[in-house]
Asks: 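Before I ask anything, here is the structure I am working with.
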Amino acid sequence: MRRGLFITFEGGEASGKSVQAKRLAAALEHDGHDVVLTREPGGTPLGDRIREIVLHTKDVPLGPEADVLLFSAARAQHVRDVIRPALAQGRIVISDRFFDSTAAYQGAGHGADPAGVAAVTAFAVGETRPDRTYVLDLPPEVAMRRRQGKPRAWDRFEAGERAFHERLREGYLRLAATEPQRVVVIDGGREPDAIGRDIRRDVEALIEAARR
């Protein structure tokens, strides 16, 4: 490709986004593409440390504004150290979450000021934006059934009340309606293989366009 390709996966808890991100990365690598699979928060030493604070620390109360700043700090380093260099080398970057998570979780879900979220996000990422974002959409009650009986590390966002997860889902759907050329909503309740095939076809079209 003449330029890199940046693909992100979004969605609520247990939506299957991480599974699909890994599947896509493996399929593209099998076809000979140079792929970087990463995640947020994470992707750098700073991001991994912030991840432990924002997701798994029970004794540190955090408001949505503090969350926005912490996630964005990790994101700024992620963009500088991982995403931009890979795109400059013509690689395909696949990220399990990016800035849309902050708009949906802290903005729609927890009520952080949308204008403030947008301003901090713009400062953190500059002109680095995904070419395509896949939102794995799943009703909260289905996600809850998926999580039952599965051993997982405690996650304060998974532990949120039902109303929070409803707001989160609505936030993602509003985002998709606002940016339909970038954001694709996918029914996360379907079979993973069928979801993966649909995503793969769309990505192949993106790769072909990037070669022109």
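We use all heavy atoms of the structure for the numbers below, so side chains are in, but hydrogens, waters and symmetry mates are not.
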Asks: Quick check for you: to the nearest 0.5 Å, what is the distance between R51 atom CZ and L46 atom CG?
Replies: 13.5 Å
Asks: List the atom of V36, the atom of A86, and the distance in Å for their closest heavy-atom pair.
Replies: CG2-CB, 3.9 Å
Asks: For the residue pair I7 and P130, establish whether any side-chain heavy-atom pair is separated by less than 4.5 Å.
Replies: no
Asks: Can you see which heavy atom on A112 is nearest to which on V117, and at what distance?
Replies: CB-CG2, 3.9 Å
Asks: Treating Ile, Leu, Val, Met, Phe, Trp and Tyr as nodes and any side-chain heavy-atom pair under 4.5 angstrom as an edge, say whether L87 and V35 lie in one connected cluster.
Replies: no
Asks: Would you compute the distance between atom CZ of R75 and atom CD1 of I83 and round it to the nearest 0.5 angstrom?
Replies: 8.5 Å
Asks: Taking 4.0 angstrom as the limit, do R211 and E208 come out as a salt bridge?
Replies: yes
Asks: Counting neighbours of CZ on R49 that are heavy atoms of other residues, nucleotides or ligands and sit closer than 6.0 Å, is the number greater than 12?
Replies: no
Asks: Which distance, rounded to the nearest 0.5 Å, do you find between the CZ of R162 and the CZ of R167?
Replies: 12.0 Å
Asks: For this output row, return yes or no: ring centroids of F9 and F98 closer than 6.0 angstrom.
Replies: no
Asks: Would a single hydrophobic cluster contain both I50 and L55, if residues Ile, Leu, Val, Met, Phe, Trp and Tyr are joined by side-chain heavy-atom contacts under 4.5 Å?
Replies: yes
Asks: Can you name the closest pair of heavy atoms from Y105 and G11 and give their distance?
Replies: OH-O, 3.7 Å
Asks: If you group Ile, Leu, Val, Met, Phe, Trp and Tyr by side-chain heavy-atom gaps below 4.5 Å, do L206 and I94 land in one group?
Replies: yes
Asks: Looking at every non-hydrogen atom in both residues, tell me the closest pair between S95 and H78 and how far apart they are.
Replies: OG-CE1, 3.9 Å
Asks: With rounding to the nearest 0.5 Å, note down the distance linking CG in L136 to CD1 in I195.
Replies: 5.5 Å
Asks: Determine yes or no for a side-chain-to-main-chain donor-acceptor pair under 3.5 angstrom, with R132 supplying the side chain and V203 the backbone.
Replies: no
Asks: Going through the distances and angles, do R169 and R174 end up as a side chain to side chain contact (heavy atoms under 4.5 Å, CB included)?
Replies: CA-CA 9 Å; R169 185 188 186 198; R174 284 197 302 272; over 6 Å; no
Asks: Could you measure the distance from the CG atom of D137 to the OH atom of Y172? Nearest 0.5 Å is fine.
Replies: 11.0 Å
Asks: Measuring from L37:CG to L28:CG, what's the distance to the nearest 0.5 Å?
Replies: 10.5 Å
Asks: Show your reasoning for whether side chain to side chain contact (heavy atoms under 4.5 Å, CB included) applies to R190 and D198.
Replies: CA-CA 11 Å; R190 298 164 58 211; D198 287 349; 2.8 Å; yes
Asks: Is there a side-chain contact between L70 and L62 (heavy atoms, below 4.5 Å)?
Replies: yes
Asks: Would V19 and V142 show up in the same hydrophobic cluster when neighbours are defined by side-chain heavy atoms closer than 4.5 Å?
Replies: no
Asks: Are F164 and H110 close enough that their ring centres sit under 6.0 Å apart?
Replies: yes
Asks: Near R80 CZ, under 6.0 Å, is it more than 12 heavy atoms from other residues, nucleotides or ligands?
Replies: no
Asks: Grab the two heavy atoms, one from S72 and one from A124, that are nearest each other, plus how far apart they are.
Replies: O-CB, 3.6 Å
Asks: With a 4.5 Å limit on heavy-atom distance, are the side chains of I207 and L5 in contact?
Replies: yes
Asks: Going by salt bridge (charged side-chain N to carboxylate O under 4.0 Å, His left out), D96 matches just one of R23, R39, K17. Which one?
Replies: K17
Asks: If I compare all heavy atoms of S15 with all of L138, which pair ends up nearest, and what's the gap?
Replies: CA-CD2, 4.0 Å
Asks: According to a 4.5 Å side-chain heavy-atom criterion applied to Ile, Leu, Val, Met, Phe, Trp and Tyr, with indirect links allowed, do I199 and V93 form part of one hydrophobic cluster?
Replies: no
Asks: Go through it in stages, so that I can follow the logic: the residues are E179 and R129, the test is salt bridge (charged side-chain N to carboxylate O under 4.0 Å, His left out), and I'd like the CA-CA distance, side-chain angles, deciding distance and then a yes or no.
Replies: CA-CA 12 Å; E179 296 190 58; R129 296 177 60 82; 3.0 Å; yes
